[in-house]
K.L.:
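The structure that follows is given in the form of structure tokens.
Computed from a predicted structure; not experimentally measured. These numbers come from the heavy atoms of this one structure, side chains and all, not from hydrogens, waters or symmetry mates.
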Amino acid sequence: MAPKGPNSSPRIVVGQAAAALAVGMGVGRFVYTPVLPLMIAQAHLSQQAAGLIATANYFGYLLGAIAGIIVPRLLQSTLALRTSLVVLTVTLAGMPLTDSVTGWLLLRLVAGVASALIFIIAASSMFTRLREYGSHLIGWGFGGVGAGIAASGFLVLLLGCVSNWNAAWFASAVLAAIFSTLCWTLKTGPPVSTTTVTPTPTHPGPLLWFVLILISYSLEGVGYIVAGTFLVAAIDQSAPGLTGANAWTLVGLAALPSTAFWAWLAYRFRRATLLIAALVAQAIGIALPALFGGAVPALISALLFGATFLGIATLALAIGSHLRFPRATALLTTGYSVGQILGPLIVTPWVSHGYREALLFGAAAVVAAAAAAGTLRMKAPDA
């Protein structure tokens, strides 16, 4: 029986976790995407420097994920969550206070560490506190990332029309602070039961199964981050009548219900099957702006990307949890982070003359992720 008390309601847990993910991911990580065209145009940031700044953020995210593996107590630390929320908000406010690429690199590096800790803590809280209530609630919690993307994208869109890149960063810090207040009291430890329950012995599945989901999720990190970093700038080039900030807001709106939708489908289909479908759909979405110009392909691309990238994360992490591999969430997040570092590093030399090759490479990486997921589906009978 679920424990009663302050903040024990599953709806409160979902709402607070969603707010935490909106800060850590939707704003803290992804606001850089719609702000990037403004910085290129107004702060004279080069595409190469833009890629390096993105990579610094992903490297910080990797460090945060590794910290969750080395110090597992962080996953249940309220102090770590609150400190990360404050640090992340401060780094956002610090971006317009310097015009140095080195300064931006350091700020985004620290922001990456904070983002990873917020994500792992919030995800761990949901997986432990909401397991008995059904995966659809966890899906809505992950939808907070979409809410943060939509809110920050819309904010940058408005400010881009009347102000500059500096104001966009300051406004994102204010938005992060608002979301932080909503998740400040999120319970980070497992629920306290008033009854004694004899745990059922569980054993992790074969190592190969976890290795396959780790490979798939890591390759997804490579492909998705190429789109997550350069999709807005690519749409600005391929669809001049449609601003990239509009498209990024659409990504967030599509992402908001997507995790609940994929969780609902998981009641009817195997998670590995859904993971393959989501990866293929995402690969198509990433490739569209590279193959076709105009507003319609750009809109379809934004919808497909928004509707899949959180669903893929939810499905992959759920498979890792189902396989009961020790510290699966932190390990998968680490593999994802390594992929995110490699992606921009590989494609940065290509973006000086456009984004076509970068997006096609990202799509190919996601197709490879789908192949690994397909192998997992054949090997693991209940994944």
K.L.:
Quick one: side chain to side chain donor-acceptor pair (under 3.5 Å) partners of Glu220, sequence neighbours excluded?
P.N.:
Gln282
K.L.:
Please check this pair: side chain of Ser124 against backbone of Ile120, looking for a donor-acceptor N/O pair closer than 3.5 Å.
P.N.:
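Present.
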K.L.:
Taking Thr375 for the side chain and Ala371 for the main chain, is one N or O donor matched with an acceptor at less than 3.5 Å?
P.N.:
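Indeed, once roles are kept as given, a pair shorter than 3.5 Å links the two residues.
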K.L.:
Examine distances only and state if a side-chain atom of Arg82 and a backbone atom of Trp184 form a donor-acceptor pair shorter than 3.5 Å.
P.N.:
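Yes.
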K.L.:
Distance only, no hydrogens: is a donor on one side chain within 3.5 Å (strictly under) of an acceptor on the other, for Gln16 and Thr185?
P.N.:
yes
K.L.:
What do the steps show when you test Gln340 against Arg29 for side chain to side chain donor-acceptor pair (under 3.5 Å), and what is the final call?
P.N.:
CA-CA 12 Å; Gln340 290 176 126; Arg29 294 204 69 203; 3.1 Å; yes
K.L.:
Are any side-chain N or O atoms of Tyr32 and backbone N or O atoms of Ala50, one a donor and one an acceptor, separated by less than 3.5 Å?
P.N.:
yes
K.L.:
Taking the side chain from Ser77 and the backbone from Arg73, do they hold a donor-acceptor pair closer than 3.5 Å?
P.N.:
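Here the side-chain-to-backbone pair does not exist.
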K.L.:
Do any pairs count as a side-chain hydrogen bond (donor to acceptor under 3.5 Å, both in side chains) and have a residue in residues 142-159, sequence neighbours left out, and if so which ones?
P.N.:
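Listed by first then second residue: nothing to list.
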K.L.:
Would the distance check show the side chain of Arg108 and the main-chain N or O of Ile53 forming a donor-acceptor pair, the cut-off being under 3.5 Å?
P.N.:
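Checking the backbone N and O of Ile53 against the side chain of Arg108, no donor-acceptor pair under 3.5 Å is found.
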K.L.:
Does Val226 share a hydrophobic cluster with Leu52, counting links as ILVMFWY side-chain heavy atoms below 4.5 Å and allowing steps through other members?
P.N.:
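Yes, same cluster.
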K.L.:
Does the gap between the ring centers of Trp165 and Trp104 come in under 6.0 Å?
P.N.:
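Close enough - the centres of the two rings lie under 6.0 Å apart.
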K.L.:
Would you say the side-chain atoms of Ser216 pair up with the backbone N or O of Ala372, donor to acceptor, closer than 3.5 Å?
P.N.:
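No, the answer is negative, given that no donor and acceptor are paired below the 3.5 Å cut-off.
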K.L.:
Report the C-alpha distance between Trp350 and Tyr355 in whole Å, list the side-chain angles of each, state the deciding distance to 0.1 Å, and finish with yes or no for ring-ring contact (aromatic ring centres under 6.0 Å, His included).
P.N.:
CA-CA 7 Å; Trp350 304 341; Tyr355 301 97; over 10 Å; no
K.L.:
For the residue pair Thr273 and Arg377, confirm or rule out a side-chain donor-acceptor distance under 3.5 Å.
P.N.:
yes
K.L.:
Just do the side-chain contact (heavy atoms from CB on, under 4.5 Å) check on Val174 and Phe170 with the steps written out, would you?
P.N.:
CA-CA 7 Å; Val174 173; Phe170 279 129; 5.8 Å; no
K.L.:
Run Phe309 and Ile149 through side-chain contact (heavy atoms from CB on, under 4.5 Å) and show every step you take.
P.N.:
CA-CA 12 Å; Phe309 81 96; Ile149 289 174; 3.4 Å; yes
K.L.:
How far apart are the C-alpha atoms of Ser125 and Thr188, what are their side-chain angles, what is the distance that settles it, and do they pass the side chain to side chain donor-acceptor pair (under 3.5 Å) test?
P.N.:
CA-CA 5 Å; Ser125 176; Thr188 56; over 6 Å; no
K.L.:
Determine yes or no for a side-chain-to-main-chain donor-acceptor pair under 3.5 angstrom, with Ser218 supplying the side chain and Gly339 the backbone.
P.N.:
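Not at all, since once roles are kept as given, no pair shorter than 3.5 Å links the two residues.
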K.L.:
Do the ring planes of Tyr336 and Tyr224 sit parallel (below 30°), tilted (30 to 60°) or perpendicular (above 60°)?
P.N.:
parallel
K.L.:
Verify, without hydrogens or angle tests, whether Thr55 (side chain) and Pro344 (backbone) share a donor-acceptor contact under 3.5 angstrom.
P.N.:
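No: the side chain of Thr55 does not pair with the backbone of Pro344.
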